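Input: a single structure, listed below in structure tokens.
In this text the structure is predicted, and so the values were computed from the model without any measurement. Letters A, B, ... are given to chains in the order of the sequence lines, protein chains preceding strands, and every chain is numbered from 1.
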Amino acid sequence: MELFHNLAIGFQVALSFQNIFYCLMGCLLGTLIGVLPGIGPVATIAMLLPVTFTLNPTSALIMLAGIYYGAQYGGSTTAILVNIPGESSSVVTCLDGYQMARQGRAGPALGIAAIGSFFAGCVATVIIALFAPPLAEVALKFGPAEYFSLMVLGLIAATVLAHGSLIKAIAMVILGLLLGLVGTDVNSGVARFSFGVSELSDGIGFVSVAMGVFGFAEIIANLEQKEQREVFTKKVSNLLPSLQDFKDSWASILRGTALGSFLGILPGGGALLASFAAYTLEKKVSKNSANFGKGAIQGVAAPESANNAGAQTSFIPLLTLGIPSNPVMALMIGAMMIQGIAPGPQVMTERPQLFWGMIASMWVGNLMLVVLNLPLIGMWIKLLMVPYRILYPAILVFCCIGVYSISNSPFDVMQTAAFGVVGYIFVKLECEPAPLILGFILGPLMEENLRRAMLLSRGDPLVFFQRPISLTMLVIAGLLLTIVVAPTVRKKREEAFVEA
Amino acid sequence: MKITNGKDFWAGVMFIAFGLAFMAVAQNYAMGNAVRMGPAYFPTVLGGILAVLGAVVLFRGFVSKISNPLAVFPFRFWLIVGGLILGVIAYYTQPQRDATIFAQIAHALLAGVAILLLFAAFGERSLWVVLFAVVLFGYLLKPLGLVMAVFVLTIVSAVPGFAWTRKDFQMLPAYVAVGVLLTYLTLVVSSWIQHPVLTVFGAVGLNLPPVLVLLLMEIGLGAVLAFFAGRYKWPQITAGHVTVLSFALAVFSVASFVHGLGLPMNVWPSLE
């Protein structure tokens, strides 16, 4: 069996002393930032990008991946105990988790969240191992036309699945694409949109955009809101859910895992969407849907399993196609590029150690997270009591030094601050920044592939419709758009997001 | 026609402005044709689409059923104008390389005020204080060195969370002294541990960059913090504590970055 052989390679890599250590670091950091509201995996990974310069590629990616799925575990703790989502993907966990905590059942809620997450993580790991290789084989046959259509599909899907206004999301994608074009044009050598500023001829720094729009803007928005937290610090006892709890929630965990794994693979998917969808589904399926929002354990189990599954399977498009499906994956591409690895289907064949090592490390990481989260829950609760006004200057210092060290120039810091203002405006105008980041990283790639495809077809735009794979993707993209615009679905979609 | 949804209205204006600006600037480059696209082709098309989408969003601002006031966030028009004027002046009066130090400082101040004005035009106080602290850090790092720059960054950025009471002010000098001392100690300690501690790890077969050793120390410090958080109620802790504690955390981060990456940053002030 090739699969077992590959997984054996993977575990060999992942279980080396060094990689276990980095995996642990990633999971610890991920849980930490997951627990703390106001700082998410995007900002953290952006901060740590400069640090990964000195690591070897496998360890670096293992650590960064750990941060992402670790944050999904940590986010649930805050959601259940404080009624504030520690992570955006645990928004729906607040609904029932906090109610359970108020009824004195915080322990089982935390327990079932961790158990569900662990189960989902294990399944998702297997899914990646099973589905990534065949997908990568298909991807090897892709030409520029297919890549262009794939990116169109990815971006459309990302906007359709983002919440908020569809048309604003598309506009944000295009703005991102345009910002990504700033800098020297590869074909002609012209420095575009640089206004004679030499620092801009290399393009706008990806870390600057991500850190400004997600990191700084978030800090500022958090400072504007006055802090109000009610933490359940009373002893959280009896973490193990009762037999009845298991009976109530095992089906939810299964459904959440399946839905989450599927949605994670889709371009534009990931943890956030998965948790929303799982909660909605659970409410539909459940016999006593009136209980939802009043402390139903299914309302905790399903979204928590789903977000963890989604977080992990969203690595599939990254590892096989080299296309990021959400901002975190965009940062992972950045990390791979720093290491001199071109993301794409060839990663699997050229660097099996990295690929399989990373997959195996996810399973190891999930095991660690259960240990980190259940017995050590008291420590994380203590951390929650550190007020935000103490935390944010330290977060800022981390961000600033990270940005500065990219090229040792004050210009990058300045640029990040400017994107902080832009990000603040986006927040206030209800423009989701996530599509912008995706567009930003795909901008140059998209232009490159469009140019190549058009050159090969001698300027015939029909090429995108003549090649079957490309046509399929464009049709799916078109369908997605029409479905969402259709009035009935539109109403449903709005309902789903309002409910959540 | 009345604007019902201010958020949509301004978002539309923003998208149209960006779209047109990108289209306009792109006209400086070669357009090419569909077979051989020039550098202007893709941006022009995208800019056009963005402007059209912006127009749709703008239109929705008039017909939307959701109502939002036109003043979405605090916005000070005259600060923008002032900032832009000063910025243009600063751009055209860049001092020569052989200019006196006073001319350079004067220019830096001018540019700084321009940036501050531009930031201060948006949002509440926390926005421009935090972002200005960030910019200050970027520009002070070379002349003042990392330690002082981080110090400035933490003190300034902590202001929005600061309680402006007399007691805090009285205690401030003491905290500053403690902070500097702490910085110094950490740097000495961290340069010292770079060898002994690492060889211990190395003997186990773990080739750790100092970054992570210090990261572990940070987590230890965090645990101590958490311990005290449980001991004393937070309200008893003053803004002074806040500054010092966050500063200590910050210093640990700094030390880890500097020693882990071997960054060519000044740690202490340099006159060059």
Are there residues of residues 12-20 of chain B whose heavy atoms fall under 4.5 Å of chain A's heavy atoms? If so, which? Met14(B), Phe15(B), Phe18(B)
What do the steps show when you test Met446(A) against Val152(A) for side chain to side chain contact (heavy atoms under 4.5 Å, CB included), and what is the final call? CA-CA 9 Å; Met446(A) 213 165 163; Val152(A) 171; 3.7 Å; yes
Please determine, among [options], the option with the most heavy-atom pairs under 4.5 Å with chain A.
options: Ala40(B), Pro43(B), Ala11(B); value: Pro43(B)
options: Gly6(B), Gly38(B), Gly32(B); value: Gly38(B)
options: Asp8(B), Leu53(B), Leu131(B); value: Leu131(B)
options: Ala21(B), Ala133(B), Ala26(B); value: Ala26(B)
options: Leu127(B), Val57(B), Val130(B); value: Leu127(B)

Please work out whether the ring planes of Tyr29(B) and Phe193(A) are parallel, tilted or perpendicular, with thresholds of 30° and 60°. perpendicular
May I ask you to decide if [Y]'s main-chain N or O and [X]'s side chain share a donor-acceptor pair within less than 3.5 Å?
X: Asn56(A); Y: Ser59(A); answer: yes
X: Glu430(A); Y: Phe426(A); answer: no
X: Arg36(B); Y: Leu455(A); answer: no
X: Asn449(A); Y: Leu445(A); answer: yes

Looking only at heavy atoms and a cut-off of under 4.5 Å, which of [options] has the most pairs with chain B?
options: Lys428(A), Lys168(A), Arg192(A), Met454(A); result: Arg192(A)
options: Ile167(A), Leu178(A), Leu181(A); result: Leu178(A)
options: Leu177(A), Leu179(A), Val173(A), Val421(A); result: Val421(A)

So for Leu118(B), is it side chain, backbone, both, or neither that comes closer than 4.5 Å to the heavy atoms of chain A? neither
Against chain A, label Ala30(B) side chain, backbone, both or neither, depending on which of its atoms sit under 4.5 Å from a heavy atom there. neither
Do the non-hydrogen side-chain atoms of Arg125(B) and Leu223(A) ever get within less than 4.5 Å of each other? no
Heavy-atom proximity to chain B below 4.5 Å, by part of Leu175(A): both
Interchain contact, Leu456(A) with chain B, by part (heavy-atom threshold 4.5 Å): neither
Nearest heavy-atom contact between Val463(A) and Ser457(A) is CB-CB, 3.7 Å
Side chain to side chain contact (heavy atoms under 4.5 Å, CB included) involving Ala453(A) - partner list, sequence neighbours excluded: Pro144(A), Ala145(A), Phe464(A)
Would you call Arg452(A) and Glu447(A) a salt bridge, using N to O less than 4.0 angstrom? no
Phe22(B) and Leu50(B): CA distance, side-chain angles, deciding distance, side chain to side chain contact (heavy atoms under 4.5 Å, CB included) verdict: CA-CA 10 Å; Phe22(B) 269 102; Leu50(B) 184 60; 5.5 Å; no
Show your reasoning for whether ring-ring contact (aromatic ring centres under 6.0 Å, His included) applies to Tyr424(A) and Phe122(B). CA-CA 9 Å; Tyr424(A) 172 82; Phe122(B) 301 96; 7.8 Å; no
